[in-house]
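Let me begin by handing over the structure; questions about it come next.
This chain uses plain numbering: 1 for the first residue, then up along the sequence.
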Amino acid sequence: MSARDSISAAIRSANRGEPALVGFLTAGHPSRERFREHLQSVAAGADVVEIGVPFTDPMADGVTVQRSSHAALAQGVTLRWIFSELEAMPRVRAPLLLMSYLNPLLAFGTERLPEACSRAGVSGLIVPDLPFDESADLRKALDTREIALVQMVTPVTEPRRLKEVCASSQGFVYAVTMTGTTGKNVSVPAEVLSYLDRVRALAPVPVCAGFGIRSREQVELLRGHVDGVVIGSALVEVLERGEDPARWLKALRSV
């Protein structure tokens, strides 16, 4: 099975009638020294793990992830360091993705990126500030190692573009539940569910809803409308409080 296919397989096999959990942590936050421990704990409770690459201007992220990103940068966390840590530690059960803005990837070198991902056990990338129309070069590079490039859609994505982006996404489609930044506690009105149903009908890969998912009640409302949910800011706050992320994630599941 290819690296990118492992993401879709993990989400589908975890479904059991309810959404799979995609857990997010910012690399090196709250403690650079405990990154491996925190990653293993998140992976023990999630079906897929997103590792945030800290960046000075995380434009799609709310206050919590911005805070974690700046704190990680202050500890000297870089993309090169993340790859080094992942290579050195035992592989975790859950597929890993990097969520990175474009600048760190360009600084690292897109020609070196696929091999580095492969060596580190990274199965996919999410790049929030890379426009779909400008993503062909990165997708072509990642294809050499069958690394997924996950695409993002929003409630205001036009129908024609929605169809095109869903058809091109690899691993899963990241369905943003609202306009704006991450971290807000989002209600799940009927129009959001209708939008998610449209995305799911178009996508050849699983669909995961993200931005503002914090509670068991939200996960229950999304059951049947998505294949997975992304837990970001709330999980960063769990780590900041020193709680066990695996236990916290387990409480989001009905079984």
Legend entry - Heavy-atom closest pair, residues G28 and V77: CA-CG2, 3.8 Å
Legend entry - Approximate separation, where rounding is to 0.5 Å, of F55 CZ and H70 NE2: 9.5 Å
Inset, instruction - Give, for atom OG of S169 and atom CZ of R139, the distance between the pair rounded to the nearest 0.5 Å. - result: 9.0 Å
Inset, instruction - Taking the side chain as every heavy atom from C-beta outward, state whether R223 and E220 have any pair of such atoms under 4.5 Å apart. - result: yes
Which donor-acceptor pairs under 3.5 Å do the side chains of residues 88-100 make with protein atoms, sequence neighbours left out?
from : atom 1 : to   : atom 2 : distance (Å)
R91  : NH2    : R119 : O      : 2.7
R93  : NH2    : A43  : O      : 2.8
R93  : NH2    : A46  : O      : 2.7

Legend entry - Residue pair L130, L138: steps toward the side-chain contact (heavy atoms from CB on, under 4.5 Å) verdict: CA-CA 9 Å; L130 176 62; L138 181 57; 3.7 Å; yes
Inset, instruction - Please examine the side chains of H29 and E240, heavy atoms only from C-beta on, and report whether any two atoms are closer than 4.5 Å. - result: yes
Legend entry - Exercise: identify the closest heavy-atom pair between A148 and G171: CB-N, 4.1 Å
Legend entry - D227 with R12: basic N within carboxylate O range, under 4.0 Å: no
Legend entry - Side chain proximity check, F211 to M152, heavy atoms < 4.5 angstrom: yes
Legend entry - 4.5 Å side-chain heavy-atom contact, R200 and L196: no
Legend entry - Check: D129 side chain, L102 main-chain N or O, donor-acceptor pair, under 3.5 Å: yes
Inset, instruction - Answer yes or no: is there a donor N or O on one side and an acceptor on the other, between the side chain of Q170 and the main chain of L149, under 3.5 Å? - result: yes
Legend entry - From V229, V230, L252, residue fulfilling side chain to side chain contact (heavy atoms under 4.5 Å, CB included) relative to I213: V229
Legend entry - pair V226-V199: side-chain heavy atoms closer than 4.5 Å: no
Inset, instruction - Inspect the surroundings of CZ in R160 and state if more than 12 heavy atoms from other residues, nucleotides or ligands are less than 6.0 Å away. - result: no
Legend entry - Residues forming a salt bridge (charged side-chain N to carboxylate O under 4.0 Å, His left out) with D244, sequence neighbours excluded: none
Legend entry - Donor-acceptor under 3.5 Å (R4 side chain, D143 main chain): no
Inset, instruction - Please step through side-chain contact (heavy atoms from CB on, under 4.5 Å) for the pair Y174 and E50, ending with a clear verdict. - result: CA-CA 12 Å; Y174 195 129; E50 289 181 24; 3.6 Å; yes
Inset, instruction - Count the heavy atoms belonging to other residues, nucleotides or ligands that lie under 6.0 Å from CG of D137, then report whether that count exceeds 12. - result: no
Legend entry - Validation row: V153, Y195 side chains within 4.5 angstrom (heavy atoms): yes
Legend entry - Closest heavy-atom pair and its distance - M1, S6: SD-CA, 3.4 Å
Legend entry - Heavy-atom check, side chain of W248 versus side chain of I231, under 4.5 Å: yes
Legend entry - Check: V165 main-chain N/O paired with S168 side-chain donor or acceptor under 3.5 Å: no
Inset, instruction - Using atom types as modelled and distance alone, determine if a side-chain donor or acceptor of T177 lies under 3.5 Å from a backbone N or O of G210. - result: yes
Inset, instruction - Measure from the side-chain N and O atoms of S194 to the backbone N and O of E191, and report whether any donor-acceptor pair falls under 3.5 Å. - result: no
Legend entry - Distance-minimising heavy-atom pair for V53 and P104: CG1-CB, 4.2 Å
Legend entry - Pairing of R161 and E158 as salt bridge, 4.0 angstrom limit: no
Legend entry - Distance in Å, L239 CG paired with S31 OG, rounded so as to fall on 0.5 Å steps: 10.5 Å
Inset, instruction - Measure from the side-chain N and O atoms of R253 to the backbone N and O of G45, and report whether any donor-acceptor pair falls under 3.5 Å. - result: yes
Inset, instruction - Please tell me if the side chains of H38 and P30 come closer than 4.5 Å, counting only heavy atoms from C-beta onward. - result: yes
Inset, instruction - Show your working on side-chain contact (heavy atoms from CB on, under 4.5 Å) between Y101 and D57 and close with a plain yes or no. - result: CA-CA 9 Å; Y101 290 88; D57 187 23; over 6 Å; no
Inset, instruction - Keeping to residues at least two apart or across chains, list the ring-ring contact (aromatic ring centres under 6.0 Å, His included) pairs with something in residues 105-140. - result: F83-F108
Legend entry - Polar side-chain atom of S8 near backbone of D5 as donor-acceptor pair, under 3.5 Å: no
Legend entry - Distance in Å, I51 CD1 paired with T26 OG1, rounded so as to fall on 0.5 Å steps: 10.5 Å
Legend entry - OG on S2 to CZ on R145, rounded to 0.5 Å: 13.0 Å
Inset, instruction - Say whether L73 and L25 are linked into one hydrophobic cluster, either directly or through other cluster members, by side-chain heavy-atom distances under 4.5 angstrom. - result: no
Legend entry - Over all atoms of both residues, closest heavy-atom pair of G23 and L235: CA-CD2, 3.7 Å
Legend entry - SB check R216 E18 (cutoff 4.0 Å): yes
Inset, instruction - First locate atom OG of S41, then atom CD of E243, and finally report the distance between them rounded to the nearest 0.5 Å. - result: 11.0 Å
Legend entry - Stepwise side-chain contact (heavy atoms from CB on, under 4.5 Å) test for L86 and L39: CA-CA 10 Å; L86 293 177; L39 175 57; 3.5 Å; yes
Legend entry - Nearest non-hydrogen partners of G228 and P19, listed with the distance: CA-CB, 3.8 Å
Legend entry - Q218 side chain vs S215 backbone, donor-acceptor pair below 3.5 Å: yes
